[in-house]
A.B. asks: 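Just dropping this structure here.
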Amino acid sequence: MSCFTVMSAPGSISSPPPESYKLLLQYDENKFGIPKEKRSLATGGLVPHGKTPEDHRYDAVVMPLTLASNRFGFMWAEMGPADWDIYVRLKNLLSSALLRTMLVQQREQAKKEVERLLNEARERAVELARARDAAEKAAAKNEKLYESEQARRRGAEALARSSRQLSSLTTIEKLPQQILEQLQAVLPYDRGLLFIEDVNSRPQIHAHHGFEVDADLSGFFLKVNQLDFYKAVARKGETLLVKDSKVVENWEQPAWLPKDRSWLGVPLYSKSKVIGLLLLSRALSSFNDDDGLMATTFAMQAIVALENARLYNEVTSINQMMERMVSQRVEELNAAYKNLAKHDQNKSVFIQVAAHELRTPLTVVLGYLGMLQIDPLVQNNPALSQAVEGVLQGSNRLQQIVTSMLDVARLDSQSITPHTESVNLSLILRLIHKDFMEDLANRGQTVSIEDAIRDIPPLMADSDLLKKALEHIIVNAIKFTPDGGSIHVSACVVDDPHLGRCAEIRVKDSGIGIDAEHHKIIFEKLYQLGKVELHSSSRASYKGGGAGLGLAIASGIVKALHGSVWVESEGQDEERFPGSTFFIRIPLVK
């Protein structure tokens, strides 16, 4: 917007200012001031028509310096000529001069800016060149690292595959050659040898690669400074790397062996001792430290595979030997079992025949003894009466043995058929106790029957057979309990997982006890714990020997009654007398 402040001068201005003026200063009433509102001078000149008022002065002009929409500042001019165009031309000249000056300055500034930008561009170009060189070097280095990492990864994968392949081999004969073939996949080489020490600690070649199939390697050797290559590796216990054999002093090898450039020797360890060597060569290229590390890692897996194969062969040989021994022992056991079965059958036949053969004459003897016992001549003669009584006691004892033999024979032949019925356990035990009153008095022993037995529900059993089984159990307790000892009989109701609800009868004595190894065999017929030469005509004498049939008969009867019997004891001790407890379980009436 154009800005004007016009004061009075003689005459008037013919050319009016633009309509878009702005009054900056106003001289009214003999004083300057800033007008508060725009005066309406849209028509006519700045000076009103007619006489100029004395209290107003119009003598200065302020015009903006603009050209081509560019504002450079303002022009202040005191009123001179009356023609307004003079001020307009003056403003245009000043604007043009200022524009040229500004353009020159801008051109200089632009030139300096261009030079600065060019310098910066040159500096950036140098920096970019340096950065490009550094990036190219870093890229080349990264490419080498990537290739190296890829090679390591491929080597690790090949190592893992070879490890799995070697671990699957169990034949020691094929494993050495497989080791060299798997190593070729992990670490390429031209020639390879696998040395393993024999029992005399002498290295022997067990496999080779890169040589003729039927090559004679018995004369193979490598020496460095007159020291054998194998001994050099075994002495240090470390991998030996020869990068260029041509520069090694005093290098020796067979004349027929091509002169390969690089050699690598890796020791094979077992229990901190070198037992073999992996010897590799490359004809043109050289091994490096990474190759040595890879070969060392592979060697650890190879020795594990060799040890596993050796152990597998040993275990296989032992298993085969054990199978032969077991087969032989099974045949021997089968033969022994057949002999035992035959002997057991012979014993059963003998017992049966002997019992029947003894029963008839024994019956005759007992009959005549009965007749003699009631004869008046014998009764009046004390000597004869005592003699007849003694013979009668021995005959009764013999009859008991024959009866036991017949019972065993019937049990073996399973010809005993129990007549099961409801049986009162308390009544049977009182009858047994009554039968042994005299024997217990002679030995000073006591048999106590628990009162709670009266409350035991009825048993499903054969009363005669059950009484006979309990008699044999109690007789055994009396015989192996010292004079003055005690036998305690108790019972309770239990739930057996195999028999169901049944009565458990316990016969506990204060006797010499039974070793654990005899807890089952004492129920076999003809088995005796005491010395076989100690026999007695009394059925209740201390440790008196018998036919060894009592417990066998008791066990057979209990099984025939669908029950179970066993014994528990801390062991045999004739000083401490730990005692024994016999358990009999008989089903209850359902």
A.B. asks: When rounded to the nearest 0.5 angstrom, what is the spacing between CD1 in I584 and CG in L466?
C.D. replies: 8.5 Å
A.B. asks: Can you tell whether the side chains of K231 and D228 come within less than 4.0 Å, N to carboxylate O?
C.D. replies: no
A.B. asks: Does M321, at its CE atom, have more than 12 non-hydrogen atoms belonging to other residues, nucleotides or ligands within less than 6.0 Å?
C.D. replies: yes
A.B. asks: Mark yes or no for whether S569, through its side chain, and G579, through its backbone, hold a donor-acceptor pair below 3.5 Å.
C.D. replies: yes
A.B. asks: If you count the non-hydrogen atoms of other residues, nucleotides and ligands that lie under 6.0 Å from NE2 in H562, is the total more than 12?
C.D. replies: no
A.B. asks: Heavy atoms only: give me the nearest L277-P267 pair and the separation to one decimal.
C.D. replies: CD1-N, 4.1 Å
A.B. asks: Do the side chains of C502 and I586 get nearer than 4.5 Å, heavy atoms only?
C.D. replies: no
A.B. asks: Take atom CD of Q386 as the centre, draw a 6.0 Å sphere, and report whether it contains more than 12 heavy atoms from other residues, nucleotides or ligands.
C.D. replies: no
A.B. asks: Got a donor-acceptor contact below 3.5 angstrom from the Q177 side chain to the H208 backbone?
C.D. replies: yes
A.B. asks: Can you check side-chain contact (heavy atoms from CB on, under 4.5 Å) on E504 and R506, steps first, answer last?
C.D. replies: CA-CA 7 Å; E504 183 178 275; R506 304 186 189 95; 2.9 Å; yes
A.B. asks: Between S564 and L499, does a side-chain contact (heavy atoms from CB on, under 4.5 Å) hold up when you go through it step by step?
C.D. replies: CA-CA 9 Å; S564 61; L499 307 177; 3.8 Å; yes
A.B. asks: Would the number of heavy atoms belonging to other residues, nucleotides or ligands and lying under 6.0 Å from CD of E438 be above 12?
C.D. replies: no
A.B. asks: Tell me if a side-chain donor or acceptor on D462 pairs with a main-chain N or O of D464 at a distance below 3.5 Å.
C.D. replies: yes
A.B. asks: For P203 and F195, which heavy atoms make the closest approach, and how far apart are they?
C.D. replies: CB-CD2, 4.2 Å
A.B. asks: Drop me the distance from L306's CG to H206's NE2, to the nearest 0.5 angstrom.
C.D. replies: 9.5 Å
A.B. asks: Short question: side chain of S385, backbone of N381 - any donor-acceptor pair under 3.5 Å?
C.D. replies: no
A.B. asks: Could you give the distance from CG (D483) to CD1 (I478), rounded to the nearest 0.5 Å?
C.D. replies: 11.5 Å
A.B. asks: Counting only heavy atoms not in D198, do more than 12 sit closer than 6.0 Å to its CG atom?
C.D. replies: yes
A.B. asks: Does any part of the side chain of I514, heavy atoms only, come nearer than 4.5 Å to the side chain of Q572, both counted from C-beta?
C.D. replies: no
A.B. asks: Work out which heavy atom in A469 is nearest to a heavy atom in I557; give both atom names and the distance.
C.D. replies: CB-CG2, 3.9 Å
A.B. asks: For a 4.5 angstrom cut-off between non-hydrogen side-chain atoms, does Q182 reach F298?
C.D. replies: yes
A.B. asks: Check whether any side-chain heavy atom of V489 sits under 4.5 Å from a side-chain heavy atom of E450, and report yes or no.
C.D. replies: no
A.B. asks: Do you know which two heavy atoms are closest between F287 and P188, and how far apart they sit?
C.D. replies: CE2-O, 4.2 Å
A.B. asks: R329 versus V326: any side-chain heavy-atom pair under 4.5 Å?
C.D. replies: no
A.B. asks: Can you measure from CG (L429) to NZ (K434) and round to the nearest 0.5 angstrom?
C.D. replies: 15.0 Å
A.B. asks: Please find the pair of heavy atoms, one from I428 and one from S463, that lie closest to each other, and give the distance.
C.D. replies: CD1-O, 4.0 Å
A.B. asks: Check step by step if side-chain contact (heavy atoms from CB on, under 4.5 Å) holds for I487 and F436.
C.D. replies: CA-CA 12 Å; I487 296 97; F436 287 96; over 6 Å; no
A.B. asks: Do you know which two heavy atoms are closest between F523 and S555, and how far apart they sit?
C.D. replies: CD2-CB, 3.8 Å
A.B. asks: With distance as the sole criterion, is a donor-acceptor pair present between the side chains of S486 and T446 under 3.5 Å?
C.D. replies: no
A.B. asks: Return yes if some donor-acceptor pair links the side-chain N/O of D515 with the main-chain N/O of E517 below 3.5 Å, else return no.
C.D. replies: no
A.B. asks: Would you mind reporting whether Y230 and L279 have side-chain heavy atoms less than 4.5 Å apart?
C.D. replies: no
A.B. asks: Would you compute the distance between atom CG of D435 and atom NZ of K467 and round it to the nearest 0.5 angstrom?
C.D. replies: 4.5 Å
A.B. asks: Quick one: do L183 and L278 satisfy side-chain contact (heavy atoms from CB on, under 4.5 Å)? Show the steps, please.
C.D. replies: CA-CA 10 Å; L183 180 56; L278 275 173; 4.2 Å; yes
A.B. asks: Verify, without hydrogens or angle tests, whether N476 (side chain) and I473 (backbone) share a donor-acceptor contact under 3.5 angstrom.
C.D. replies: no
A.B. asks: Does some side-chain heavy atom of V493 sit less than 4.5 Å from a side-chain heavy atom of R501?
C.D. replies: yes
A.B. asks: Between D495 and G500, is there a donor-acceptor pair closer than 3.5 Å when you use the side chain of the first and the backbone of the second?
C.D. replies: no
A.B. asks: Looking at OH of Y269 and OG1 of T296, how far apart are the two atoms once the value is rounded to the nearest 0.5 Å?
C.D. replies: 9.5 Å
A.B. asks: Does any part of the side chain of V233, heavy atoms only, come nearer than 4.5 Å to the side chain of T239, both counted from C-beta?
C.D. replies: no
A.B. asks: For W566 and F583, take the angle between the two ring planes, folded into 0 to 90°, and tell me which bin it lands in: parallel under 30, tilted 30 to 60, perpendicular over 60.
C.D. replies: parallel
